[in-house]
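A note on names: the letters A, B, ... follow the listed sequences, proteins ahead of strands, and every chain is numbered from 1.
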Amino acid sequence: MEAPHLLEKREKKERREGLPELKNATKGKVVLRFAPNPNGPMSFGHARGMVINGSYAKEWDGEIILRFDDTDAVVKPPLPSAYEQIEREAEWLLGFKPHRIVIASERIPQYYQHAEDMLQRGFGYVCQCSGEVFREFRVSKTECPCRNNSERLNIELWNNMLDGTFKPGDAVVRVKTAMDLKNPALRDWPALRMQDTVQHPHPRPGIGSKYRVWPLLDFQSAVEDHLQGVTHIIRGKDLMDSTRKQTLLYQHFGWSYPETIYWGRVKVHEWGGFSTSQMRRDIESGEFSGWDDPRLPTLSALKKRGITASALRNFWIELGVTQKDISVPISSLFAHNIKCIDDDAPRLAFIREPCKVQLVGEHDGTVDVDVHPNHPTRGVRTFTMDQGPLWIEREDFEKQSIRLKGFADVSTTGEILTIDSFPRSDRRPIVHWAPDVNTKDATLIVAEDGEIHRIQGRMESHEYPVGTMVQLERIGYGRVLDDSTVVFTHA
RNA sequence: GCUCGUAUAGUGUAGUGGCCCAUCAUGAAGGACUCUCAUUCCUUCGACCCGGGUUCAAAUCCCGGUACGAGCACCA
């Protein structure tokens, strides 16, 4: 018997590159979204949502919506400055602007309309049970008395929520699912609740204390995804039950739920647990200098430290969208970053624990060293070899014989360096160095193990603009902060 | 407790019944190149959680176990 299909299969063995194929996707018709809470700027973890969703949008010639889920003014109040910052960070990360911006707090009327629709059509009800009481009902699978309210009564109670007759805690709107569902999380879940926006005004101008009733995430997100025509949702697997809740709501409305993909949790081994709320408190208390404090895992801090957007993109795409919970060493992000910056980074000498030494022997007036060893066309750095002193690192100063990189083999006798040979004559260690006249006092800022070290030294003078990625010879890569300060990125 | 999910080298990842004594990256070790402990290149090391079952054939399907994670908020 012939089996031609087996032969065909034999040919394809290539490894899949990049992101897995999107199911049920049509080129040009894909709509995705990334929906952070603007209670702080983006952190490392948010970058995953932005990168994965944004990359799919680009790959499928579709759209990415940046949506601000700012429907809580009490527990996780929004930070007014975060909206714009997140927008800027999104563009920096993706390399393009998100196609649409949606702000949930500006869409409350739409959510109200759907809530009313839900009450009128009888698949939602106003529940006046307290949280504890309802919890009992949920575990015992019993229906709460409010479940049988007439549509008319529900509308009346709804108006009581809206007009302030009810206070926060008095009533919520629930979606009628079923109390005997296997998964307790899905039983008549809450869709909207009241918030004391007088005591806790929403920080958005124009929103403030305007609304007493606010949608919860599951309801707001579900309705908005439908309104925006979202086709694919890619999010953390902690939101799996959210999908199930929302699917139940979609069935009531007669809508069909988007394709959904989940990823697991990512921990960076070197970083502890940082929550946006906690960082915010620590910044306000002065423990950190700001959201871009190099010790923090925020995008602004990583950017300031010299991590590039493309390294971040490559990193997250390589991790992919598996549901595994993973823990990665930060060096894996650094490995991507090196690939992005090394080819451009000009070389510079930074002398830690500088020791001043005097050169003895005949030599030329100048010494040229490469700006970048792999790119001779990028020119040279010229050291001025007058009779002035040179700087070398203490560690090198203590060696008997060393080679001053690009110049000469020398022997050290106290502070005197005697030239032995210009060509390389043996295998003595090669060290970086610089004449005093070509250097200035400088600081290397290193953030490590949650601390900031400011290393003083002498750095080769340069005119690179702020933000330039440089490589400090024999030390590692860094980002120019000003003409005498470099932030250490990684080795 | 109830519910849901995941399990491939040190770390990530490919793989959806025969291309697999398992891919790629990173890491480690060694080497080449190089006047940086950089970059680049080469070599080597190293894994299908455990136990059953289905099948001619299982990393891949089924059942059980174990481990880890998540949800059961009037947070997102």
- Under 4.0 angstrom, heavy atoms only, what part of the nucleic acid is A:K182 near: base, sugar-phosphate, or nothing? sugar-phosphate
- Message: Students often get this wrong, so: under 4.0 angstrom with heavy atoms, is A:I430 touching a base, only sugar-phosphate, or nothing?
- Response: sugar-phosphate
- Item | A:R403 side chain near B:rC35 phosphate (N/O to OP1/OP2, under 4.0 Å) | no
- Just call it for A:T71: base, sugar-phosphate, or nothing, with non-hydrogen atoms closer than 4.0 Å on any strand. sugar-phosphate
- With a non-hydrogen cut-off below 4.0 angstrom, is A:T322 in contact with a base, only sugar-phosphate, or nothing? sugar-phosphate
- Query: Out of B:rG71, B:rU23, B:rA76, which has the shortest distance to the side chain of A:L216?
  - Reply: B:rA76
- Message: Counting only side-chain heavy atoms from C-beta out, which of B:rA38, B:rU36, B:rC72 sits nearest to A:K405?
- Response: B:rU36
- Query: Stems in RNA chain B: runs of 3 or more consecutive Watson-Crick or G-U pairs, distances under 3.5 Å?
  - Reply: B:1-7 with B:66-72, B:10-12 with B:24-26, B:27-32 with B:40-45, B:49-53 with B:61-65
- Message: Below the 4.0 Å mark, does B:rC4 have OP1 or OP2 next to a side-chain nitrogen or oxygen of A:K237?
- Response: no
- Item | Residues A:D342 and A:R347 bridged, charged N to O under 4.0 Å | yes
- Message: Looking only at the side chain of A:L319 (C-beta and beyond, no hydrogens), which of the listed nucleotides B:rU6, B:rG12, B:rA38 gets closest?
- Response: B:rG12
- Has A:K339 got a side-chain N or O lying under 4.0 Å from the OP1 or OP2 atom of B:rU26? yes
- Item | Side chain A:R265 and base B:rA70 donor-acceptor under 3.5 Å | no
- Please determine, by modelled atom types, if A:E224 and A:Q220 share a side-chain donor-acceptor pair under 3.5 angstrom. no
- Message: Expressed as a whole number of angstroms, how long is the span from A:Q195:CD to B:rA76:C1'?
- Response: 12 Å
- Message: Would you measure the distance from the P atom in B:rC62 across to the matching atom in B:rU26 and give it in whole Å?
- Response: 35 Å
- Provide the distance between the two P atoms, one in B:rU23 and one in B:rA47, to the nearest whole Å. 12 Å
- Item | A:Y83 and A:D70: side chain donor to acceptor below 3.5 Å | yes
- Base B:rU36 to side chain A:Q471, donor-acceptor N/O within 3.5 Å cut-off: yes
- Task: Look at the side chain of A:H226 and the backbone N and O of A:A222, then say whether any donor-acceptor pair between them is shorter than 3.5 Å.
- Result: no
- Query: Do the side-chain N or O atoms of A:R193 get closer than 4.0 angstrom to the phosphate oxygens (OP1, OP2) of B:rC75?
  - Reply: yes
- Message: Rounding to an integer number of angstrom, what distance separates B:rG53 and B:rC45 when you compare their P atoms?
- Response: 34 Å
- Message: Heavy atoms only, 4.0 Å cut-off, all strands: where does A:F407 land among base, sugar-phosphate and nothing?
- Response: base
- With sugar-phosphate meaning primed atoms plus P, OP1 and OP2, does A:R244 contact a base, only sugar-phosphate, or nothing at under 4.0 Å between heavy atoms? sugar-phosphate
- Item | Side chain of A:N183 - closest among B:rA14, B:rU36, B:rU3 | B:rU3
- Give one of base, sugar-phosphate or nothing for A:I338, where a contact means two heavy atoms less than 4.0 Å apart. sugar-phosphate
- Message: If we count only N and O atoms by modelled type, under 3.5 Å, do the side chains of A:D72 and A:N37 hold a donor and an acceptor together?
- Response: no
- Message: Of the listed nucleotides (B:rG69, B:rU39, B:rC74), which one gets closest to any side-chain atom of A:D325?
- Response: B:rG69
- Message: If only side-chain N and O atoms count, and only distance matters, is there a donor-acceptor pair under 3.5 Å linking A:H432 with A:E393?
- Response: yes
- Note on the structure: From NZ of A:K141 across to C1' of B:rU3 the rounded distance in Å is 10 Å
- Quick one: does A:R474 reach the base of B:rU36 with a side-chain donor-acceptor pair under 3.5 Å? no
- Message: When you measure from the side-chain N and O atoms of A:R135 to the phosphate of B:rC72, is any distance below 4.0 Å, counting only OP1 and OP2?
- Response: no
- Message: Does A:D69 reach a base, just sugar-phosphate, or nothing at all? Heavy atoms under 4.0 Å.
- Response: sugar-phosphate
- Message: Looking at A:K237 and A:D325, is any side-chain nitrogen of the basic one under 4.0 Å from a carboxylate oxygen of the acidic one?
- Response: yes
- Note on the structure: Rounded to whole Å, CE of A:M240 lies from P of B:rC2 at a distance of 20 Å
- Query: Pick the nucleotide of RNA chain B nearest each of A:H432 and A:A185; which residue has the one closer to the 5' end?
  - Reply: A:H432
- Task: State whether the side chain of A:R458 and the backbone N or O of A:A442 hold a donor-acceptor pair below 3.5 Å, judged by distance alone.
- Result: no
- Item | Whole-Å distance separating the CG atom of A:L248 from the P atom of B:rC72 | 16 Å
- Message: What contact category does A:L181 fall into here, base, sugar-phosphate, or nothing, at under 4.0 angstrom with non-hydrogen atoms?
- Response: nothing
- Roughly how far apart, to the nearest Å, are B:rU36 and B:rU44 at atom P? 27 Å
- Task: May I have the distance from A:W263 (atom CH2) to B:rG12 (atom P), rounded to whole angstrom?
- Result: 18 Å
- Once the angle between the rings of A:F134 and A:F137 is folded into 0 to 90°, is it parallel (under 30°), tilted (30 to 60°) or perpendicular (over 60°)? perpendicular
- Message: With hydrogens left out and only the distance checked, is there a donor-acceptor pair under 3.5 Å joining A:R16's side chain and the base of B:rU23?
- Response: no
- With A:W433 as reference, evaluate A:F350, A:F383, A:W391 under the ring pair (Phe, Tyr, Trp, His ring centres under 6.0 Å) test and give the passing residue. A:F383
- Message: Within the 4.0 Å heavy-atom criterion, would you say A:G169 contacts the bases, only the backbone, or no part of the nucleic acid?
- Response: base
- Message: If you go through the side-chain atoms of A:K76, does one of them form a donor-acceptor pair with the base of B:rC75 closer than 3.5 Å?
- Response: yes
- Task: Return no unless some side-chain N or O of A:T276 is found under 4.0 Å from OP1 or OP2 of B:rA76.
- Result: no
- So does A:K324 get a side-chain nitrogen or oxygen closer than 4.0 Å to the phosphate oxygens (OP1/OP2) of B:rU8? yes
- Task: Give the rounded distance in Å between these two atoms: CZ of A:R347 and C1' of B:rU39.
- Result: 6 Å
- Item | A:A491 vs A:V172, nearer the 5' end of RNA chain B by closest nucleotide | A:A491
- Message: Rounding to an integer number of angstrom, what distance separates B:rU11 and B:rC50 when you compare their P atoms?
- Response: 15 Å
- Quick one: label A:G320 by what it contacts on the DNA or RNA (base, sugar-phosphate, nothing), any heavy atom closer than 4.0 Å. nothing
- Here the distance between atom C1' of B:rC33 and atom CZ of A:R424, to the nearest Å, is 14 Å
- Task: Would you indicate what A:P329 reaches in the nucleic acid, counting non-hydrogen atoms under 4.0 angstrom: base, sugar-phosphate, or nothing?
- Result: sugar-phosphate
- Message: Nearest whole Å is fine: how far is B:rU3 P from A:D180 CG?
- Response: 14 Å
- Query: Heavy-atom contacts under 4.0 Å between residues 35-46 of chain A and RNA chain B, which residues?
  - Reply: A:N37
- Within the distance-only criterion (no hydrogens, no angle test), does the side chain of A:T177 pair as donor or acceptor with the backbone N or O of A:D188 below 3.5 angstrom? yes
- Rounding to the closest angstrom, what is the interatomic distance between B:rC63 and B:rU6 at atom P? 13 Å
- Item | The single option from A:D69, A:D225, A:N53 passing side-chain hydrogen bond (donor to acceptor under 3.5 Å, both in side chains) against A:R33 | A:D225
- Message: Any carboxylate oxygen within less than 4.0 angstrom of a Lys/Arg side-chain nitrogen, looking at A:D396 and A:R474?
- Response: yes
- Query: Which of parallel (below 30°), tilted (30 to 60°) and perpendicular (above 60°) describes A:F407 and A:H363?
  - Reply: perpendicular
